[in-house]
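Any value given below was found using the heavy atoms of this structure, including those in side chains, with hydrogens, waters and symmetry copies removed.
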Amino acid sequence: MGKIRLDSRLSAVAALVRENKTVADIGTDHAYLLGFLLQQGKIKKGIAADLRRGPLENARKTLLEADELENVRLVLSDGLDELKKGDCEDIVIAGMGGILIKEILERTPWVFDENIHIVAQPMTHAEVLRGFFLENGFRILKESSATDGKRYYCIISAQYDGIRRDAAEWYTYVGELIKNHDDVSRSYIKKTVAALEKKLDAMQNAGVEDIGTLAETVAVLKQKITEENDG
């Protein structure tokens, strides 16, 4: 196999992983992420976890061909269920829906620890995941975005600090991406607003009377975009 190369989505995920930590890749599939991080020397040890044996076998083959198998523990696990405190310092959960990522985290008490760093890449419902982080004592440290030309993705870096925060509706949809000035982040935000506007139009056409919250969210987002562009 030689050197592992990542697509833009996983490259953005890899960029937010901390150096010299043991990383647990949840839903690892082929373990390309761990193989890449190990080959680059960014991490020394990893845990590849997946719900099914098939992906774990794929991960084993990838890591064997990359000459990194001895540095990774393969774990058959539903989310983080088979891992325990002290197994890792960084947790990556990429390629799942935001609701599922939230459910995995909220049933794992040991992730509510200031020493644990989470890198999450939700495929859907990123607003649910951001809301969970803020309301449960996690600080969102940084966000980045990626695209494959068809879809846009956000990657969220978060860490527990015990401070519960009110989740402003507009923030749950764009998070720290609003502070980014790269073209991909701006396109992600524009697409998010367009989707909300489409939903708002559908509600209005259907005669839904209670659209105040969504309408306000769209208005605030547009204002935030204008402010960031002017800044």
Side-chain angles (χ1 to χ4, degrees), residues 7-18 90-106 111 117-161 163-204 208 210-231:
D7 59 21
S8 59
R9 178 179 68 90
L10 285 181
S11 292
V13 172
L16 292 184
V17 172
R18 298 183 299 178
D90 272 33
I91 297 169
V92 173
I93 310 180
M96 301 183 195
I99 295 174
L100 178 56
I101 296 174
K102 165 186 171 290
E103 291 172 349
I104 289 172
L105 294 173
E106 66 184 357
V111 304
H117 175 240
I118 298 167
V119 179
Q121 184 270 300
M123 300 295 282
T124 58
H125 297 296
E127 73 279 3
V128 173
L129 184 58
R130 289 191 188 96
F132 165 79
F133 280 138
L134 295 175
E135 293 166 2
N136 287 274
F138 289 84
R139 179 188 173 198
I140 296 179
L141 304 173
K142 184 178 180 180
E143 294 195 42
S144 62
S145 56
T147 180
D148 58 12
K150 298 177 182 178
R151 294 193 62 170
Y152 285 80
Y153 311 96
C154 68
I155 302 91
I156 305 169
S157 163
Q159 197 162 9
Y160 185 76
D161 64 4
I163 301 173
R164 297 177 183 272
R165 298 166 173 86
D166 292 332
E169 191 76 10
W170 71 267
Y171 183 89
T172 65
Y173 284 100
V174 299
E176 293 297 303
L177 291 177
I178 196 69
K179 299 176 182 177
N180 297 352
H181 297 289
D182 60 284
D183 291 341
V184 177
S185 292
R186 288 179 174 180
S187 294
Y188 178 98
I189 292 170
K190 288 178 181 178
K191 285 182 174 292
T192 299
V193 173
L196 291 174
E197 287 182 313
K198 184 177 181 180
K199 181 179 179 180
L200 183 60
D201 288 343
M203 291 172 66
Q204 290 173 325
V208 177
D210 187 15
I211 61 170
T213 300
L214 182 58
E216 181 181 353
T217 298
V218 170
V220 172
L221 276 171
K222 286 183 173 181
Q223 180 62 33
K224 293 289 183 182
I225 292 171
T226 300
E227 291 173 357
E228 289 297 324
N229 289 340
D230 290 345

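Between the side chain of R130 and the main chain of Y173, a donor-acceptor pair closer than 3.5 Å is present. In this structure a side-chain-to-backbone donor-acceptor pair under 3.5 Å is present from T217 to T213. Under a 3.5 Å cut-off, the side chain of D90 and the backbone N or O of V17 do not form any donor-acceptor pair. Between the S8 side chain and the T147 main chain, a donor and an acceptor come within less than 3.5 Å of each other.
Y171 and E127 form no side-chain donor-acceptor contact under 3.5 Å, judged by distance and modelled atom types alone.
Within a 6.0 Å sphere centred on CG of D166, other residues, nucleotides and ligands contribute 12 heavy atoms or fewer. Within a 6.0 Å sphere centred on CZ of R165, heavy atoms belonging to other residues, nucleotides or ligands number more than 12.
Using a 4.5 Å heavy-atom cutoff, the side chains of E106 and N136 are not in contact. Counting only heavy atoms from C-beta outward, the side chains of F138 and V111 approach each other to under 4.5 Å. Between I93 and L105, the closest side-chain pair of non-hydrogen atoms falls below 4.5 Å. Counting heavy atoms from C-beta on, the side chains of K224 and I189 never come closer than 4.5 Å. Annotation: side chain of Y188 is in contact with side chain of T192 (closest heavy-atom distance under 4.5 Å). Considering only heavy atoms from C-beta on, S144 comes within 4.5 Å of L16 through its side chain.
The two atoms that bring A12 and S145 nearest to each other are CB-O, 4.4 Å, heavy atoms only. The shortest non-hydrogen separation linking E135 to R164 is O-NH1, 3.0 Å. Minimum interatomic distance between C154 and E143 (heavy atoms only, all atoms of both residues): CB-OE1, 4.3 Å. Of all non-hydrogen atoms in D182 and N180, the two that sit nearest each other are OD1-CB, 3.3 Å. The minimum heavy-atom distance linking S157 with H117 is given by the pair OG-NE2, 2.7 Å. Between R151 and D148 the shortest heavy-atom distance is N-OD1, 2.8 Å.
The salt bridge (Lys or Arg N to Asp or Glu O under 4.0 Å) search around K191 returns none, not counting sequence neighbours.
Note that CD1 of I178 and CG of L221 are 6.5 Å apart. Values are rounded to the nearest 0.5 Å. With rounding to the nearest 0.5 angstrom, the CD atom of E216 is 12.0 Å from the CG atom of L200. Distance CD/E197 to CD/Q204: 10.5 Å, rounded to 0.5 Å. One distance of note links CD of E176 with CG of L141; it measures 8.5 Å at 0.5 Å rounding. Here the CG-CG distance, from L129 to L134, works out to 9.5 Å after rounding to the nearest 0.5 Å. Note: M123 CE to I101 CD1 = 9.5 Å, rounded to the nearest 0.5 Å.
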